[in-house]
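Here's the structure we're looking at; comments come further down.
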Number of protein chains: 2
Amino acid sequence: MPSSAKRSTAAPPAHESPTYPEREARGLALWVALTRAQDSVAQHSAADIARHGITGGEFGILELLYHKGPMFLNEVQKRVLVSSGGVTYLVDRLVERGLLERRLCQSDRRARYAALTRKGRALLRQVFPEHARAIADAVSALTPEEQKQARILLRKLGLGAKARLGPRPVGDE
Amino acid sequence: MPSSAKRSTAAPPAHESPTYPEREARGLALWVALTRAQDSVAQHSAADIARHGITGGEFGILELLYHKGPMFLNEVQKRVLVSSGGVTYLVDRLVERGLLERRLCQSDRRARYAALTRKGRALLRQVFPEHARAIADAVSALTPEEQKQARILLRKLGLGAKARLGPRPVGDE
DNA sequence: ACAATTTACCTTAGTACTGAGATACTTAGT
DNA sequence: ACTAAGTATCTCAGTACTAAGGTAAATTGT
């Protein structure tokens with residue numbers, strides 16, 4: 001039964017890992033934990049969403065419109081984590097399924113806004129509470145207090161990291 | 001200059017958002033903060049890595065082998081967040097670039113292990129410390145104490161969520 | 001009024017994967 | 001030895017995007 005134990009007699013040679021200064025080690029450990037946690041919860045989310053034949057990106061748009069109401073596509077793009085081409089692609093697919101409508105803006109003919117159809121609204125009214133429960137279950141390893149604390153820390157982390165993205169390093173290099 | 005302000009006279013109608021029980025609202029807020037934070041830091045990581053013409057997945061494998069030494073491909077697959085086909089694909093590309101070698105296992109001819117070439121090791125020796133600094137910068141909105149706390153919470157969250165994935169809901173539907 | 005710029009959205013080509021199934025080998029049982 | 005089952009890896013078709021560039025409409029400056 002120990003199938004790979006036998007093989008390990010021929011396993012690659014041992015190896016010494018380099019070490020890093022405390023600041024770097026701390027940052028890396030946080031980054032790894034952050035990615036692993038996100039991935040695990042994302043799998044819960046995706047599994048729940050997939051039951052309805054929708055991808056995460058599609059659900060993001062549906063959910064946004066369900067909660068915030070009809071919205072111009074450029075505003076949609078700012079709020080979800082996909083590119084502008086991605087919004088077009090996702091909205092196309094949702095329109096094909098009859099969950100979403102594109103409507104023209106009268107005062108600006110470049111602009112369109114997206115709105116849920118009755119069918120889309122009905123779907124989300126049914127699906128979203130279940131989804132919320134699935135997410136709440138997924139994060140329930142943390143107590144309510146810990147969840148609040150984690151949210152505060154993550155918000156600070158996320159906003160800080162985002163702010164550091166824009167300003168290009170000028171000067172040396 | 002307020003370009004979209006004009007348009008908002010024709011904007012979609014206001015809308016009432018549904019509300020949810022506290023437990024769900026808390027979980028969703030945490031999930032959003034988690035995803036946003038991960039995305040922002042991931043952009044720092046990707047930007048740093050891209051300077052060397054490598055993707056995140058490729059870097060993950062290189063970094064793993066750099067720190068842990070040669071390893072069987074199935075072990076690699078367990079440690080990075082990609083599928084088995086993905087590992088093959090990524091390793092192929094790294095081999096093509098001369099950064100990695102596939103070696104046969106003598107006692108089990110099904111198995112192969114991957115090892116950095118001298119060139120790969122040299123690349124990572126140069127690149128990884130910079131990368132560690134980039135990540136440390138990206139998360140530096142949190143104090144060292146906050147980073148530790150966040151790491152602990154995220155680890156608990158991630159492991160808990162992962163543990164809840166396996167057990168399939170048996171029974172109805 | 002007219003060119004230049006900006007903004008909004010879409011199209012196209014390409015990328016980095018995933019998932020299912022195929023292949024090749026090993027192990028266990030008879 | 002032969003069969004069955006298990007494991008390690010690869011192949012290939014398909015997916016969900018991204019990035020760059022294009023078109024149309026609005027805005028600005030002259």
Side-chain angles (χ1 to χ4, degrees), chain A residues 1-12 39 42-43 45-47 49-50 53-61 71-78 80-97 100-114, chain B residues 1-11 39 42-43 45-47 49-50 53-61 71-97 100-114:
Chain A
M1 211 175 287
S3 65
S4 48
K6 171 90 60 77
R7 195 181 56 190
S8 65
T9 56
D39 180 71
Q43 284 186 46
S45 174
I49 291 171
I54 306 179
T55 69
E58 289 167 345
F59 184 79
I61 290 184
M71 199 177 288
F72 290 107
L73 290 175
N74 56 338
E75 294 176 48
V76 170
Q77 199 255 308
K78 278 174 213 150
V80 296
L81 301 176
V82 298
S83 66
S84 88
V87 169
T88 300
Y89 169 78
L90 293 170
V91 170
D92 279 351
R93 300 187 37 158
L94 292 169
V95 168
E96 273 170 31
R97 295 185 196 201
L100 220 67
E101 273 179 354
R102 276 196 177 89
R103 298 198 197 133
L104 297 169
C105 173
Q106 293 165 329
S107 65
D108 185 344
R109 275 181 303 179
R110 295 169 306 178
R112 269 139 235 205
Y113 62 94
Chain B
M1 209 172 287
S3 64
S4 49
K6 171 90 59 77
R7 195 180 58 190
S8 66
T9 57
D39 180 72
Q43 283 187 47
S45 175
I49 289 170
I54 306 179
T55 69
E58 288 167 346
F59 184 79
I61 290 185
M71 198 177 289
F72 289 107
L73 290 175
N74 57 338
E75 294 176 48
V76 170
Q77 199 254 309
K78 279 173 212 152
R79 291 173 192 246
V80 296
L81 301 176
V82 299
S83 66
S84 85
V87 169
T88 300
Y89 169 77
L90 293 170
V91 170
D92 279 351
R93 301 186 36 159
L94 292 169
V95 168
E96 273 170 31
R97 294 186 198 202
L100 220 66
E101 272 179 355
R102 275 193 177 89
R103 300 200 196 132
L104 297 169
C105 173
Q106 293 165 330
S107 65
D108 185 345
R109 274 181 304 179
R110 294 169 305 179
R112 271 142 234 202
Y113 62 94

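Below, chain A is the first sequence line, B the second, and so on; all start at residue 1.
- Taking the salt bridge (charged side-chain N to carboxylate O under 4.0 Å, His left out) definition, one finds that B:Asp92 meets it with B:Arg102, sequence neighbours left out.
- Residues A:Arg112 and A:Val91 are not in side-chain contact: their nearest non-hydrogen atoms beyond the backbone lie 4.5 Å or more apart.
- Here the side chains of B:Arg93 and B:Leu100 are not in contact, with every heavy-atom distance at 4.5 Å or above.
- A straight line from CG of B:Leu104 to C1' of C:dT26 spans 15 Å, rounded to a whole angstrom.
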Every protein N/O within reach of nucleotides 2-4 of chain D N/O, cut-off under 3.5 Å:
none

Listed pairs under 3.5 Å, donor-acceptor, residues 79-88 of chain B side chains, sequence neighbours left out:
| from | atom 1 | to | atom 2 | distance (Å) |
| --- | --- | --- | --- | --- |
| B:Ser83 | OG | B:Gly86 | N | 3.1 |
| B:Thr88 | OG1 | B:Ser84 | O | 3.4 |

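- At the phosphate of D:dC10, OP1 or OP2 sits under 4.0 Å from a side-chain N or O atom of B:Arg102.
- Whole-Å rounding puts the B:Lys78 NZ to D:dA8 C1' distance at 10 Å.
- The CG atom of A:Asp92 sits 14 Å away from the P atom of D:dT18 (whole-angstrom rounding).
- Distances shorter than 4.0 Å separate none of the side-chain N or O atoms of B:Asn74 from OP1 or OP2 on D:dT7.
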Inset, instruction - Treat primed atoms plus P, OP1 and OP2 as sugar-phosphate and everything else as base, then score nucleotides 16-25 of chain C 5' to 3': B for base contact with protein heavy atoms under 4.0 Å, S for sugar-phosphate contact only, - for none. - result: BBBB----BB

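- When rounded to the nearest whole Å, the span between OH of A:Tyr113 and P of C:dC9 equals 13 Å.
- With sequence neighbours excluded, the residues forming a side-chain hydrogen bond (donor to acceptor under 3.5 Å, both in side chains) with A:Glu101 are A:Arg103, listed by chain and number.
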Please list, for nucleotides 2-5 of chain C, all pairs of protein and nucleotide N/O atoms separated by less than 3.5 Å.
none

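- A:Arg112 places its CZ atom 18 Å from the P atom of C:dT7, with the value rounded to the nearest Å.
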